[in-house]
Structure formats: C-alpha cells, structure tokens
2 protein chains.
Amino acid sequence: MYEQFFKHFTEKVSLSEQEMEYVKGLLKPKKLRRKQYLLQEGDVCREIGFVEKGALRAYSVDEGGTERIIQFALEGWLIADLYSFLTAEAATYSIDAIEDAELLLISRSAHEELLRNLPQYETYTRLSITNAYIAMQRRITSIISTTPEDRYADFIAKYPQIAQRVPQHMIASYIGLTPETLSRVRKRMAGK
Amino acid sequence: MYEQFFKHFTEKVSLSEQEMEYVKGLLKPKKLRRKQYLLQEGDVCREIGFVEKGALRAYSVDEGGTERIIQFALEGWLIADLYSFLTAEAATYSIDAIEDAELLLISRSAHEELLRNLPQYETYTRLSITNAYIAMQRRITSIISTTPEDRYADFIAKYPQIAQRVPQHMIASYIGLTPETLSRVRKRMAGK
DNA sequence: AAAAAGTATTGATTTGGATCAAGGGAACGA
DNA sequence: TCGTTCCCTTGATCCAAATCAATACTTTTT
C-alpha cells in the first residue's frame, strides 16, 4: 500500500525507518472506484492525493459543458487543486478516477506538520513541484507552438503509459483538440 | 540594488541581518541593456535571475522563426530556464531584456550552498515555484478553454502592469495569438 | 536630422480545426 | 445476457483565426 510512495520519496531524499513510520501515520489510504470524485469543483481541496495505483484526472468544465483536462496522474504522481488546498478557497478543478485507484491522502494538517518536523518532506515537495513546473512549461510551449500532429506526438513520446490507459477523447482534451480532430490526426499520422 | 529581492524574500520567510548579508554575498548584480540576452537557446543556463528593475522575457523560436513567449518577468520575479539550470543541459528558451534591467543572479553553486546552509532559502524557493506552478496551471486552462477575447481579458486582469509596459505583439505571442488577431480582438472589445 | 527599425492597424483571402450529425462497435452494469 | 452507456470514426459544412500584404506612426539609432 505504501510502496510507490516511499519509492518515489526515497528517490529524492533519504528517510530512516522511524521517519518512514512517522510519515505513514500521517497518510490516509483511500480507494476510489472508477468515475468517483476525489474533489468536486466548488468544494475546498482538503488533501493532496498520492497515487499508489490507478489513474486520475483533474479537469474543469467550461460554460458549454466541455471538460478540459489539465492533469493526469498515474502511479507515483501527486494530484490536487493546489491553489484551493493552500488557500482553502473553492476549487476550480474537479478530480476523479479514470480507473479504480488507491490513494494516499495528505491532509492540510499533515502537510503542515510534515513541513514543520521533517526537512526531507519540504525537499520532497520542492523537488516534486519543480518537476511539475518544468513539465508544465513544456506543455505550454507545445500547446502554443506546434501543430496538432506535433502536440499529439509530443504527448505520446512523453507519456506512453497514459496514452495506453486513458480514452482518446481525454487525451484530445489534454492537448486542446476536439475528439474528432484527434481521430483525424491519428489517421493522417498512421499513413506515414 | 537589493531592495526588491529582500522585500520579496522576507514576505515569505524571515531573515536576520547576518543572514541577509550572507545571502547578499552570494548574489551577483548584473545590468542588462534592452534586447540584451541573459540566456541564449542552446547555451546552458548557469544562473537564476531575480529582477530588481526592468522587464524580461523567456521565449522559444519555432521553425518558422516565430517567437513564442513563455514567461515575462518584472520587478520581483525570478526568471531562468529551470530545466537547463538544474540539469546543465542546453537551454530550450532564450531570455532577453525588454527594457533595460537590473538583475541579481543566483549561480548554481550559490543556489546549492543556500539550499544547504539556509533553510529559509529552500522555503523561499519552494513557495516561489509553487506560486509559479499555480499561475501556470491557470494559464493552461485559459489557453485551452477560452476564446481569444477571454484570454486577453484574463491577461489584462491578471497582469495589468505587464500589459502597460510590453509591446502588444509580445502579449499576443504569450496568449497564443497572432498580432493581427489581437489587434482585432482589442478593436472588438473596445466597441463594448 | 535623417535613416532605420520596430509597432500597430486594417483589408482581402485562405484554411485548418470546430461543429453538427450519424453509425458501428466495445465495454460496462443491472 | 441484454440494454445502456461510452467511445471512436467518418462525412459535410462552417467559421474564426492565420496568413499575406500594404500603410502609417513611433521610437531608436547614427
């Protein structure tokens, strides 16, 4: 249940056995069925989710009812509406499970306690968010720079695992295309 | 020369006088003329720039020669090609000054030394990047969700200072439009 | 003070992706 | 296992933004 978490954690910083036990005590396991919400837009995001197993997505819904996916999360990833989590304001994103999932939840109080008591946790979160930031910067470049073909190719190259596990129309949403366009893009690309 | 830096720093974490002096010793002031590069694509990004004065941009250039601006930085902002800075690989972005600028540079060795010796520095960088991450998430939502009108309105609402100091065609690039389209968008919006 | 470079606007035209619409097939749930 | 929902594809049409192009104005540079 905690393998993924400590695998990723100790890749970034080291932890003693006691420290691991201490951290474990602050994590709350949670299972989610496919389609079940971890967070709904408008609610306050009260915890960060670490994905032990399964797949989730964060998305917003525009006026027309179209879902815009802003993040996927597979095993080893963190997912939350960070702004809502940090400010306790209403979330602008919803998060739900694309597959049945097992999560470890870090509540706000646990987060603060860990930041206070365990320097490695601050380093872990700093490095995690730095990576997420860099990935997001590239994503913006990809979105504003390139053709649909390139965007899709970038996505496949970067996240082959996601491409295999997630419905195509969600990938379309993530890279800013309609499902129809993505379908045609794939057809065009297959021809080469 | 250091006012902005310590103003922003101490908004996030507290620093004693000695600590401030210590930090000062690790910062390298640098002046940049308009159009001058801080970093060129292909070079390794060797320092993070903190903007004391002036305005800069980070951008990439696509095959067609079109510049795609991925970040602006005014007084109080940090700017770098973080990926290149952290990995020492070739930068994918160029950074230059839009106006004459005064910077404080944090070299890699300074950065590492500060992380090692000054816990507040880690907190400062963690909070800075968290804010940057959240802003970027919203930017993605804005880019993939909305009409050009909304995107421009979002930009103006969020960065009125930038809108006043930066040429319009750079804003167009930042929000993913051609200069012509932005010009027409503005015209349409003025009519309301 | 003149020349050059940079900036914004407007018009005409093209085009690529969105939209609207329909069908077939697979996966899921009762 | 049957019915419903979900998912992907394909076709036809439309439209908004890109592109191409010309001009005027402003700011820098020399």
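Residue numbering restarts at 1 for every chain, and letters A, B, ... go by the order of the sequence lines. Scope of the values below: all heavy atoms of this structure, side chains included, with no hydrogens, waters or symmetry mates.
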Taking atom [atom2] of [N] as reference, at what distance in whole Å does atom [atom1] of [X] sit?
X         : N       : atom1 : atom2 : answer
Asp100(B) : dT28(D) : CG    : P     : 10 Å
Arg151(A) : dG16(C) : CZ    : P     : 14 Å
Ile175(B) : dA17(D) : CD1   : C1'   : 13 Å
Met170(B) : dA8(C)  : CE    : P     : 9 Å
Arg33(B)  : dT28(D) : CZ    : C1'   : 12 Å
Leu182(A) : dC7(D)  : CG    : C1'   : 12 Å
Arg186(B) : dA17(D) : CZ    : P     : 16 Å
Glu67(B)  : dT7(C)  : CD    : P     : 10 Å

Can you say whether a donor on the side chain of Arg188(B) sits under 3.5 Å from an acceptor on the base of dT9(C), or the other way round?
no
Ignoring hydrogens and geometry beyond distance, is the side chain of Arg184(B) in donor-acceptor contact with the base of dG11(C) at under 3.5 Å?
yes
From the set dT9(D), dA18(D), dG11(C), return the single nucleotide nearest to any side-chain atom of Thr181(B).
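My answer, after comparing the listed nucleotides, is dA18(D).
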What stems show up for DNA chain D when you take Watson-Crick pairs (N1-N3 plus N6-O4 or O6-N4) and G-U wobbles (N1-O2, O6-N3), both under 3.5 Å, and require three or more consecutive pairs?
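Consecutive-pair runs (3 or more) involving DNA chain D: C:1-22 with D:9-30, C:25-30 with D:1-6.
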Think [X] forms a cation-pi with [Y], using NZ or CZ under 6.0 Å from the six-ring centre and within 45 degrees of its axis?
X         : Y         : value
Arg57(B)  : Tyr93(B)  : no
Arg138(A) : Tyr83(B)  : yes
Arg186(A) : Tyr152(A) : no

Can you confirm whether the side chains of Asp43(A) and Tyr37(A) place a donor and an acceptor under 3.5 Å from each other?
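Distance-only check fails for Asp43(A) and Tyr37(A).
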What I want to check is whether the side chains of Asp96(A) and Tyr59(A) have a donor and an acceptor closer together than 3.5 Å.
yes
Would you please confirm or rule out a distance under 4.0 Å between OP1 or OP2 of [N] and any side-chain N or O of [X]?
X         : N      : answer
Ser183(A) : dT9(D) : yes
Gln168(A) : dC6(D) : no
Lys187(B) : dT9(C) : no
His169(B) : dA8(C) : yes

If you pin Pro167(B) and Glu180(B) to their nearest nucleotides in DNA chain C, which one's is more 5'?
Pro167(B)
Which residue, Pro179(B) or Lys35(B), contacts DNA chain C at a nucleotide closer to its 5' end, judged by nearest heavy atom?
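Nearest nucleotide further toward 5': that of Lys35(B).
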Can the ring centres of Tyr133(A) and Tyr133(B) be said to be less than 6.0 Å apart?
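Distance test on ring centres: not under 6.0 Å, no.
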Decide yes or no on side chain to side chain contact (heavy atoms under 4.5 Å, CB included) for Gln18(B) and Glu21(B), but give the supporting numbers first.
CA-CA 5 Å; Gln18(B) 301 98 294; Glu21(B) 287 307 314; 5.7 Å; no
Using a 4.0 Å heavy-atom cut-off across all strands, classify Pro148(B) as base, sugar-phosphate, or nothing.
sugar-phosphate
Checking Gln120(B) side chain against Leu15(B) main chain: does a donor-acceptor pair fall under 3.5 Å?
no
